[in-house]
Amino acid sequence: MRSTMQDVPLLISRILTHGSTIHGKSQVTTWTGESEPQRRSFAEIGSRAAQLAHALRDLGIGEGDATGTLMWNNAEHVEAYLAIPSMGAVLHTLNLRLPPEQLVWIVNHAANRVIIANGSVLPLLAPLLPRLPTVEHVVVTGPGDRAPLAGAAVQVHEYEELTSGRPTTFDWPQLDERAAAALCYTSGTTGDPKGVVYSHRSVYLHSMQVNMAESMGLTDKDTTLVVVPQFHVNAWGLPHATFMTGVNMLMPDRFLQPGPLAEMIESERPSHAAAVPTIWQGLLAEVSARPRDLTSLHSVTIGGAACPPALMEAYDKLGVRLCQAWGMTEMSPLGTTSNPPGGLSDEEGWPYRVKQGRFPAAVEARLIGPDGSVLPWDGESAGELEVRGPWVAAAYYGGAHTSGEEQLVRPDEKFSEDGWLRTGDVGNISSEGYLTLTDRAKDVIKSGGEWISSVDLENALMAHPEVAEAAVVAVPDDRWGERPLATVVLKEGATADYAALKAFLARTVAKWQLPERWAVIQEVPKTSVGKFDKKVIRKRYADGELDVTKV
Ligand code: ADP
């Protein structure tokens, strides 16, 4: 029997049209660091997105062309987010914190012809241009000296001049919902960047999931502070999801330090925020030193790395509820969210909150044991997590020089023969479908045939009142193969020594798992998206740069 339903493609232009009309009064507020933030309604964003699309078309951008953005979170970036895919081109968000070498590699791989850049990042972009032969146009927006572009062999345009005066509507094409909409390269925590190409359909469905109460569940009564960068997996889908339901956005632009973040929360009173644990650690230190009113924040989505339970507790005390989410660039990124099941008291709900969370209906999961067998969901059996679903990648982008099937690259270590994504994350799943991650496969410490979770040790250490941050990595050991090395950042004025820290760990950690190698460091090295960069710690250890004490 044939279905009798209409087959309407799921397109980003629909999200744009809907948001800018039905929710035309909702706002994108961009922090400027001056007395007044910039405020722009969704209706204005809709008109300006149409103007941007006209301008880009005149620059020669057509269907399927990857168009770069090198921008902070701000209203113009939202315009690009909506305009570029809606006109049939591909939004390519460039991570402005990547090492220059990687940026060059990525722009060339995607063959960007146009890059829209914030004025403040021109000192980063301009010196790279001679090595970016495909780039013909740079469109600049926002404050910042334009001088670095003087003499560059590209055409330079001012965003406002280029777009103003153009028609405020655009006849958005009826695209195939499976067409490419956005391109994002993984941040390369584990090797070369790999490009993930989202489709209109995957973005649309993912946005609906973000809006479900079990995920972020925001409405037009909410304002979300989008700290997670728009160059980090589509800011976790928020710019699209908000346009679907009229959620107001508060955009920090380049003001991502704890001080300004505290100030914008206090004055703009967002009800929700999204950021990685590092940001919340920094903000906690800030408000501990200079108390600020964070009480408008009813919920916070925290992900990208494991949320230390001690951090969750500290924010509970401030009346801010952190809700952990787990995902990946390859998953658009939303996988699990850690809301406890219904009917539980706060105390009963706690063990659920510290897990990575439950899978939504569209994301299927399975655990694969070391021998390749599928493991049961018993909350104990530990294996590598594999996932599949309509917003999960099936391949990586082969690059602009490829076409047809060649565009789809499926390295064995990432995609199973039967079409699942291998996440590289290790953990267990409970009978109720709650995921607990114990590590990344490559960060697990393999000691004498047993596995030690680096994340468990870090969380236990970070519960110590004098520890600001802790990162644990595997180091070679003659007897056991590998052993944990604990690197610790102490709070100011801390007096605890290694023996005391080890004794503290021994209260919750099995004896054979306790690290015997310790080092105090000034700061945990972070990746471009704020995660612990363990490969840097491992290298520092190997190069003898750490002052290691055996305890
Ligand atoms: P990269 O792989 O370049 O760091 P991603 O942002 O895609 O870029 O990282 C995804 C990975 O981040 C996941 O595979 C997982 O290891 C880690 N991660 C994300 N969220 C969580 C979380 N809530 N708890 C533990 N790990 C997480």
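In listed order, ligands and their atoms are each counted from 1.
When the heavy atoms of A305, S528, G335 are ranked by distance to atom 22 (C) of ligand 1, first place goes to A305. Of the listed residues (Q356, M328, K194, R440), the one carrying the non-hydrogen atom nearest atom 2 (O) of ligand 1 is R440.
Between K355 and E432 no salt bridge is recorded (no basic side-chain N to carboxylate O distance below 4.0 Å).
Atom NZ of K446 has more than 12 neighbouring heavy atoms from other residues, nucleotides or ligands inside a 6.0 Å radius. The number of heavy atoms from other shown groups lying within 6.0 Å of CG (D371) is above 12. The number of heavy-atom neighbours closer than 6.0 Å to CH2 of W377, taken from other residues, nucleotides and ligands shown, is above 12.
When heavy-atom distances to ligand 1 are checked against a 4.0 Å cut-off, P333 has no atom that comes that close, whether in backbone or side chain. At a 4.0 Å heavy-atom cut-off, ligand 1 touches Q324 through the side chain alone.
Ligand 1 has an N or O atom lying under 3.5 Å from an N or O atom of K531, backbone or side chain. Not one N or O of C307 is nearer than 3.5 Å to an N or O of ligand 1, by distance alone. Considering backbone and side-chain N/O of A325, one or more are found under 3.5 Å from N/O of ligand 1. Checked by distance only, ligand 1 and G304 come closer than 3.5 Å through their nitrogen or oxygen atoms.
A search for salt bridge (charged side-chain N to carboxylate O under 4.0 Å, His left out) contacts involving D378 returns nothing, not counting sequence neighbours. Judged as a side chain to side chain donor-acceptor pair (under 3.5 Å), and not counting sequence neighbours, the contacts of S271 are D222.
With Y185 as reference, H109 is the one residue of H109, K194, Q102 to meet the side-chain hydrogen bond (donor to acceptor under 3.5 Å, both in side chains) rule. The only option from L294, L318, V320, I279 that meets the side chain to side chain contact (heavy atoms under 4.5 Å, CB included) definition with L284 turns out to be L318.
Within ligand 1, the atoms closer than 4.0 Å to a non-hydrogen atom of H232 are 6 (O), numbered from 1 in the order shown. Applying the 4.0 Å criterion to heavy atoms of W326 picks out, from ligand 1, the atoms 13 (C), 15 (C), 18 (N), 19 (C), 20 (N), 21 (C), 23 (N), 27 (C).
Within the 4.0 Å heavy-atom shell around ligand 1 one finds D425. Taking a 4.0 Å cut-off on heavy atoms, M331 fails to register as neighbouring ligand 1.
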